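Please read the structure below before turning to the comments.
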There are 2 protein chains.
Amino acid sequence: MFSMNVKKILQDNDITPTLQRIVILNYLMSSSKHPTADQIFNDINQDQNVTISKATVYNTLNYFIEKNLVIKVMTSKCTQPHYDYFLKPHFHLICSKCGKIIDANYDNFNNDLNHMVLEAQKNEFKVSNESINLYGVCKTCLENDEEDSDN
Amino acid sequence: MFSMNVKKILQDNDITPTLQRIVILNYLMSSSKHPTADQIFNDINQDQNVTISKATVYNTLNYFIEKNLVIKVMTSKCTQPHYDYFLKPHFHLICSKCGKIIDANYDNFNNDLNHMVLEAQKNEFKVSNESINLYGVCKTCLENDEEDSDN
DNA sequence: TTACATGCAAAGTGTTTGCATAACT
DNA sequence: AGTTATGCAAACACTTTGCATGTAA
């Protein structure tokens, strides 16, 4: 069974907690990766004893986004967006070489984020969630680059 | 003629400054909006005396992204990404209702951004650029909502 | 029971690619 | 002159949609 939390989260957000929605949200919450729609579709249909159509995966993700439960994350190359459940504020380090997405945070991040929200309020803009991405090259890919240049 | 800057920027980034690339970068730099590939294609083919194929628009934008000259910005609903030239660090307020993208900034933004870059360095991640988006509802759409609820 | 969600397959849309032509240094 | 970019059109991939069936409260 799924953690009771998942169902409750859906209900708290005025989302009818159907089996498919529970499974998808549970998957997003438990996996530390940031899956694409395709990965969600494949993993759930393989590992769980639940079948979900692709249409439902897409519809559900869009619904979650609309309800501010999930955000889309773009890697720089990739055409497919990744989906991220927002447990607590964090930002992403996205490798332009391998496409890896790393969650990042630090003690005063909430503070800094708040500065941005304040600036938004000056524009009379009501913030509901955020997507903060730093693009660059990850440790592994940097090391690979060094090896290449040694040749 | 285009500002000499545009050509120089391309050369400084090891990008052969062809007419199409100059026109596209010039368009991205001079328009304060954050156009989609489609808007770039249409606007340039209408307003300037230059023709650019859609393939070239896409190829060029991807090339600019690879060279860290431009970033993709996703609105929450829209399927089409928007493209943003990065003159100086800033962040975006993106309205989930109307899709408007507002550039935002404040005095210490660079400072806050630097905290994130430092955190990235702890992960031995080398940052090249960033995309910081706050999603929510803009002033205009908030006002429209109020009107609706008055009925 | 009534409204709402799901699944299938087909349609739609945005993006990429191969190859001939043209442009850049 | 040699390399690299462009343009066209076709191929590709991802996402959405319509409608019949199934599910939730």
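All chains are named by letter (A, B, ...) in the order of the sequence lines, taking the proteins before the strands, and each is independently numbered beginning at 1. Just so you know, these numbers come straight off a predicted model, no measurement behind them.
- Looking at Asn111(A) and His115(B), their side chains never bring a donor and an acceptor atom within 3.5 Å of each other.
- Salt-bridge check for Lys72(A) with Asp84(A): failed, with every basic side-chain N at 4.0 Å or more from each acidic carboxylate O.
- Side-chain nitrogen and oxygen atoms of Thr18(A) include none within less than 4.0 Å of the OP1 or OP2 phosphate oxygen of dC4(C).
- With the end axes of the helix from dT1(C)-dA25(D) to dT25(C)-dA1(D) each set by five pairs, the angle from one to the other reads 50° at 10° resolution.
- Side-chain proximity of Thr16(A) to dT15(C), dA24(D), dT25(C): nearest is dA24(D).
- A salt bridge links Lys33(B) to Asp43(B): at least one charged side-chain nitrogen sits closer than 4.0 Å to a carboxylate oxygen.
- Relative orientation of the Phe109(B) and Phe91(B) rings is tilted, given thresholds of 30° and 60° on the angle between their planes.
- Counting only N and O atoms by type, the side chains of Tyr135(A) and Asn68(B) include no donor and acceptor under 3.5 Å apart.
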Are any protein N/O atoms closer than 3.5 Å to N/O atoms in nucleotides 7-9 of chain C? If there are, list each pair with its distance.
{"residue": "dG7(C)", "atom": "OP1", "partner": "Gln20(A)", "partner atom": "NE2", "Å": "3.2"}
{"residue": "dG7(C)", "atom": "OP1", "partner": "Thr51(A)", "partner atom": "O", "Å": "2.8"}
{"residue": "dG7(C)", "atom": "OP2", "partner": "Ser53(A)", "partner atom": "N", "Å": "3.0"}
{"residue": "dG7(C)", "atom": "OP2", "partner": "Ser53(A)", "partner atom": "OG", "Å": "3.4"}
{"residue": "dG7(C)", "atom": "OP2", "partner": "Thr56(A)", "partner atom": "OG1", "Å": "2.8"}

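- The OH-P distance, from Tyr58(A) to dG12(C), rounds to 18 Å in whole Å.
- The side chain of Arg21(A) has dT6(C) as its nearest neighbour among dT25(C), dG14(C), dT6(C).
- Between Pro35(B) and Tyr27(B) the shortest heavy-atom distance is CG-CE2, 3.6 Å.
- Between Lys54(B) and Tyr58(B), the closest side-chain pair of non-hydrogen atoms falls below 4.5 Å.
- No donor-acceptor contact under 3.5 angstrom links the side chains of Asn105(A) and His90(A), judged on distance only.
- Between the CG atom of Asn45(B) and the P atom of dT6(D) there is a distance of 13 Å, given to the nearest Å.
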